[in-house]
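Comments concern the structure below.
Because the structure is predicted, anything quoted here is derived from the model rather than measured.
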Amino acid sequence: MTFPRLRWPIRAVVALVFFSAANLAAPSKAAIRYEVSLAHPEQHLFHVTMQIPEVTGEVTVQMPAWNALYQIRDFSSHVQQVEAFVGSQSASVEKLDKQSWRVRGTGTVTLRYATYWDEGGPFATQLNSDHAFINPAMILLYVSDRRAEAVHLAIPDVPDSWQAAGGSVIKPTETTAKGRAFAFDAESYDALADAPIEAGRFEEFRVPEVSPAIWVAVHGDGWKKTQLQDELRRICSYELKLMDSAPFEKYTFLIHLGKGATGAGGGMEHSNSTAISVRSEEELLDVAAHEFFHLWNVKRIRPAALEPVDYTKEQYTRALWFAEGVTNTYASYTLVRTRLWSKEQFYEDLGEQISELEARAANRWQSAEQTSLDAWLEKYPLYNRPQNSVSYYTKGQVLGVLLDILIRDRTGDERSLDDVLRSMNTEFAKQGKTYRESLDVRLTAEKIAGGSFEEFFRKYVASAEPLPYQQVLALAGLELRSIEHKRPSLGFSAERDGGGPLVVETIDAEGAAAEA
């Protein structure tokens with residue numbers, strides 16, 4: 001993901017099929033079925049019906065505590081009016097904890113509830129008069145021991161003027177007095193949870209000259225179709241060629257752009273789609289290159305600590321510097337190698353990443369692995385201050401460039417970080433295996449370069465020793481120049497709460513206030 005993250009089964013595939021009123025009335029035996037009403041979108045309430053077949057005695061359902069970001073966000077806080085039925089008879093519903101309910105009954109159990117969402121951006125869910133953007137894990141309950149079963153999602157009352165898009169091209173099956181109808185079938189709850197849905201008024205087109213098919217749905221303004229088609233064609237074609245594989249049958253960019261971009265900006269990767277929210281087409285390029293490369297790095301080349309997915313609590317990994325940071329490396333590589341960026345833009349971006357890293361006091365003590373582990377603290381403003389943390393995106397991007405140069409230097413420019421990614425894709429992703437965090441990244445790099453990287457990983461990945469910019473960049477004929485701008489500073493910041501006194505908010509660890 002870009003600027004915030006999530007993960008799902010290695011080969012999750014969502015099939016999108018036609019819906020008719022008849023096939024909701026006669027649920028298939030094995031599938032857990034959902035119906036989500038978009039009626040009265042101005043109320044921001046999704047009305048959800050969930051049918052669970054073959055229940056014996058009781059069933060416990062849960063709402064995920066996290067999805068799309070490494071943050072516990074407790075989506076159950078949006079849920080209201082939970083009721084259950086067996087046939088036409090009301091059934092007992094007992095709330096067990098903040099995210100779990102137990103229903104007693106035998107046969108097909110039906111739950112009905114409403115959930116309120118009006119948060120824009122690719123990491124949230126929104127329903128309003130303009131559109132619906134759905135991250136399914138944020139609105140759909142699941143049965144914890146039946147996540148592997150097939151699921152069916154029906155949206156029977158989409159407003160007549162709206163389209164729908166997801167991991168593939170969706171066609172309406174009928175137009176009724178209530179509106180248009182769409183349906184989605186997935187092999188499991190996890191697969192459905194990894195397939196966001198956009199419904200609304202948008203423009204849809206296919207990226208030309210790329211196979212398998214890549215579709216784009218743009219909700220918003222401030223873009224030119226032919227230009228965007230060409231930019232995405234260059235990005236996708238290059239990365240597909242680089243990785244020598246296309247791990248999807250169809251792929252979809254769900255883009256909120258310009259006035260259509262509300263809430264948190266950035267992008268969120270999924271197994272066969274991405275959701276992106278940005279203000280400008282220029283900003284879109286970097287995010288699109290990053291998210292598309294996630295098709296391999298993190299969605300399929302996956303750290304062992306992220307499997308299987310646990311929706312109830314944090315899942316810690318030391319490898320986000322590689323999964324996200326090195327994906328940043330390849331976003332910038334893609335843009336410069338496809339000439340969407342000039343070399344000057346590439347070097348400027350790299351300089352900005354180094355400057356950002358060195359400007360944060362926490363860089364002196366927080367390693368790449370520790371910042372990966374601490375991702376779950378990013379929702380707290382205090383943690384994000386320069387003296388408290390560095391970004392695994394930034395540190396990982398710079399480490400990726402340095403590691404690439406070292407591999408090229410050791411092999412006479414015959415091998416590179418490209419070969420490391422391709423090797424991990426072959427040895428782990430294509431074999432359905434996860435990798436052992438930084439250890440397998442190091443071992444793969446050593447295999448490619450034919451020598452040890454133990455010291456590099458010990459000093460600069462597991463520890464926070466100063467990164468060897470000058471020495472390594474010089475191997476590529478590059479010189480890092482530092483320009484310092486000094487200005488007077490008291491070394492603290494303060495804010496006034498209402499009409500009260502000034503309250504000190506932060507203190508620069510090496511400033512005058514700290515010394516005083």
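Atoms CD1 and CD1, on Ile139 and Ile134 in that order, are 4.5 Å from each other to the nearest 0.5 Å. Within the model, atoms CD of Glu314 and CG of Leu377 stand 9.0 Å from one another, a figure rounded to the nearest 0.5 Å. Ile72 contributes atom CD1, which lies 8.5 Å from atom CZ of Phe75 (distance to the nearest 0.5 angstrom). Residue Lys430 holds its NZ atom at 10.0 Å from CD1 of Ile301, rounded to the nearest 0.5 Å.
Remark: the backbone N or O of Leu141 is paired with a side-chain donor or acceptor of Tyr113 at under 3.5 angstrom. For the pair Asp286 (side chain) and Ala331 (backbone), a donor-acceptor distance under 3.5 Å is absent. Checking side-chain atoms of Ser245 against main-chain N and O of Pro247 turns up no donor-acceptor pair under 3.5 Å. Asp194 contributes no side-chain N or O that, together with a main-chain N or O of His270, makes up a donor-acceptor pair within less than 3.5 Å. Here the side chain of Ser277 pairs no donor or acceptor atom with the backbone of Gly121 at under 3.5 angstrom.
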For this session: Please test Glu239 against Thr334 for side chain to side chain donor-acceptor pair (under 3.5 Å), starting from the C-alpha separation and ending with a verdict.
Result: CA-CA 7 Å; Glu239 293 186 0; Thr334 294; 2.9 Å; yes
Exercise. Can you check side chain to side chain donor-acceptor pair (under 3.5 Å) on His294 and Glu324, steps first, answer last?
Worked result: CA-CA 8 Å; His294 270 316; Glu324 294 288 355; 2.9 Å; yes
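Note on ring orientation: taking the six-membered ring where Trp is involved, the planes of Phe248 and Tyr251 are tilted (angle from 30° to 60°). Ring planes of Tyr189 and Tyr34: tilted class, angle from 30 to 60°. Ring geometry for Phe293 versus Trp296: interplanar angle of 30 to 60°, hence tilted.
Checked against salt bridge (charged side-chain N to carboxylate O under 4.0 Å, His left out), Arg206 has no partners two or more places apart in sequence or in another chain. For Phe205, the ring-ring contact (aromatic ring centres under 6.0 Å, His included) partners are Trp223, not counting sequence neighbours. The salt bridge (charged side-chain N to carboxylate O under 4.0 Å, His left out) test applied to Glu231 returns no partner, not counting sequence neighbours. For Gln163, there are no side-chain hydrogen bond (donor to acceptor under 3.5 Å, both in side chains) partners, not counting sequence neighbours. By the side-chain hydrogen bond (donor to acceptor under 3.5 Å, both in side chains) test, Ser211 is found to be paired with no residue, residues two or more places apart in sequence or in another chain being considered. Scanning for ring-ring contact (aromatic ring centres under 6.0 Å, His included) contacts around Tyr238 gives an empty result, with sequence neighbours left out. Looking at residues two or more places apart in sequence or on another chain, you find a salt bridge (charged side-chain N to carboxylate O under 4.0 Å, His left out) between Asp230 and Arg233, Arg234. In this view, His44 and Tyr116 satisfy the ring-ring contact (aromatic ring centres under 6.0 Å, His included) rule, not counting sequence neighbours. For Lys379, the salt bridge (charged side-chain N to carboxylate O under 4.0 Å, His left out) test picks out no residue, with sequence neighbours left out.
When side chains are defined from C-beta on, Asn272 does not count as touching Leu295, because their heavy atoms never get closer than 4.5 Å. Residues Trp66 and Gln315 meet the side-chain proximity criterion, which asks for heavy atoms closer than 4.5 Å. Residues Pro212 and Glu249 have side chains not in contact (no heavy-atom distance under 4.5 Å, counting atoms from C-beta outward). Counting only heavy atoms from C-beta outward, the side chains of Glu35 and Pro156 approach each other to under 4.5 Å.
There is no side-chain donor-acceptor pair under 3.5 Å between Glu378 and Tyr383. Between the side chains of Asp190 and Tyr311, at least one donor-acceptor pair of N or O atoms lies under 3.5 Å. Side-chain N/O atoms of Asp349 and Ser332 include no donor and acceptor closer than 3.5 Å. Between Glu269 and Thr274, the side chains place no donor N or O within less than 3.5 Å of an acceptor N or O (distance only, hydrogens not considered).
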Acceptor/donor pairs from residues 82-91 side chains to any protein atom, 3.5 angstrom cut, sequence neighbours excluded:
none

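Legend: side chain to side chain donor-acceptor pair (under 3.5 Å) pairs involving residues 130-139, not counting sequence neighbours, sorted by first then second residue: Gln126-His131, Asp130-His219, His131-Glu198. For residues 88-100, every residue pair satisfying the salt bridge (Lys or Arg N to Asp or Glu O under 4.0 Å) rule, not counting sequence neighbours, is listed here: Asp74-Lys98, Glu94-Arg102, Glu94-Arg104.
Residue-environment remark: CD (Glu282) stays at or below the threshold of 12 foreign heavy atoms within 6.0 Å.
Ring centers of Tyr392 and Trp321: at least 6.0 Å apart, outside the cut-off.
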